[in-house]
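All ligand and atom numbering here is 1-based and tracks the order in the structure. Owing to the predicted nature of the structure, the values given are computational and were not obtained by experimental measurement.
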Amino acid sequence: MIAVLKRGVTPEQIRQLVDWLKSMALDVHVSEGRDLTVLGLIGDTSRIDKELLESMEIVGSVKRVSDPIRQANRKEPATNSIIEIGNIRLGGGYFALIAGPCSVESEDQIIEVARAVQKSGAEILRGGAFKPRTSPYAFQGLGAEGIRLLLKAKEATGMPIITELMNIKDLPLFEEIDVIQIGARNMQNFDLLKEVGRLRKPILLKRGLASTLQELLMSAEYIMSEGNEQVILCERGIRTYEPYTRNTLDLSAVPALHELSHLPVVVDPSHATGKISLIPSMAVAATAAGADGVMVEVHNDPAHALCDGAQSLTPAQFDELSRKIFRIREAIQ
Ligand SMILES: [Mn+2]
């Protein structure tokens, strides 16, 4: 960490600041230039409050030199994390198509959708049991019953399951779930992140609707700092001033996250656009941009879906899309 002091500071003021910094177990290297004095702070500066230091009367500016992200950040250019989900791999050159309904509604529904998307090449089944809905009066999901039905679909098809955990008290129900999703609204629920960090199973972490990439990576760091290194990042659109789409899909997040991190990146064009007419193009574009996976909502009867029907593809539409996605994969390999 580097602190540049303001012009005209007295040697006594510098000495007081250096003493205070040293009292926090840091080494301080003082460089006095003709006009400015620069302090180089050496040691564990992660506990230093940058804003507090910056607010001091004699301090002009402060810059962090070391990355606050220690585990999620990219270390070697060519080494990417590969996440194992059952016998499926994701990341580091492995690509997976994830599909399923927004929410689990019945045994017939989830098994029918699972069989259909599997036939089209999807390898992981998604489906919500616990639903974070904007309105408390909207369908809230089947809860524990939904988890039970997802496991029935897993039994019927062999597909690993990804589903969202909203409350840590429900964790015992997730024992046989393959991937736990932390939704956009919970991306900065730090207690929840720490709890899933203590598990030893993959976590799909969705980007918050108003979160920066740095904040997304800090949230991944919360999970990893507890020992769980199996984190999958998910871009699902962010809130902008454009109302035509449900959110704005930030496709540049895919190569940007690959630059910043070794973790795999999945794109969810369904929640990003909210419109069936836009999902296929964005799913193809995400694949072309190098996403390690694409996650799409598919429903056997979108018109009667209890949740997100307007953004659910039919199995036939998904089949057409998956063909395009696999062709793009071949083209970019
Ligand atoms: Mn949904």
Side-chain angles (χ1 to χ4, degrees), residues 96-106 109-110 112-114 116-117 122 124-143 145-147 149-150 153 159-167 170 174 177-187 189 203-211 232-239 243-250 266-283 286 291 293-315 317-318 321-322:
L97 203 46
I98 307 165
C102 181
S103 26
V104 184
E105 297 169 14
S106 70
Q109 175 244 15
I110 190 67
E112 193 181 322
V113 175
V117 297
I124 303 169
L125 178 67
R126 63 143 292 147
F130 296 92
K131 300 298 303 175
R133 303 302 301 278
T134 302
S135 164
Y137 308 114
F139 175 59
Q140 304 286 306
L142 294 182
E145 174 65 4
I147 299 282
L149 298 179
L150 280 168
M159 292 175 91
I161 305 290
I162 168 164
T163 192
E164 176 165 358
L165 173 72
M166 284 169 57
N167 192 319
D170 298 321
F174 284 66
I177 295 298
D178 301 275
V179 182
I180 292 181
Q181 175 178 315
I182 298 298
R185 289 157 190 82
N186 272 320
M187 189 203 86
N189 183 339
I203 308 298
L204 182 114
L205 178 64
K206 284 198 159 191
R207 180 180 182 182
L209 32 162
S211 299
I232 302 162
L233 305 170
C234 181
E235 163 61 34
R236 46 76 72 202
I238 46 173
R239 180 68 57 86
Y244 185 71
T245 47
R246 182 172 171 177
N247 293 285
T248 297
L249 178 60
D250 178 9
V266 162
V267 171
D268 169 356
S270 302
H271 293 88
T273 65
K275 282 190 162 77
I276 293 170
S277 59
L278 306 179
I279 292 165
S281 314
M282 290 300 97
V294 169
M295 181 158 79
V296 185
E297 287 190 342
V298 178
H299 198 284
N300 51 344
D301 181 10
H304 295 100
L306 293 180
C307 178
D308 286 351
Q311 64 183 43
S312 296
L313 301 185
T314 62
Q317 288 168 325
F318 179 72
L321 170 60
S322 75

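Side-chain contact between K131 and C102 is present, with at least one heavy-atom pair separated by less than 4.5 Å.
For the residue pair D308/H299, the side-chain donor-acceptor check at 3.5 Å is not satisfied. No hydrogens or angles considered: a donor-acceptor pair under 3.5 Å links the side chains of R246 and Q311.
Formation of a donor-acceptor pair under 3.5 Å by the E145 side chain with backbone atoms of A129 is not found in this model. Without hydrogens or angle criteria, R133 side chain to Y137 main chain gives no donor-acceptor distance under 3.5 Å.
Neighbours of the Mn ion (ligand 1) restricted to protein N, O or S atoms under 2.8 Å: the count is 4.
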Quick one: do T273 and Y244 satisfy side-chain contact (heavy atoms from CB on, under 4.5 Å)? Show the steps, please. CA-CA 9 Å; T273 65; Y244 185 71; over 6 Å; no
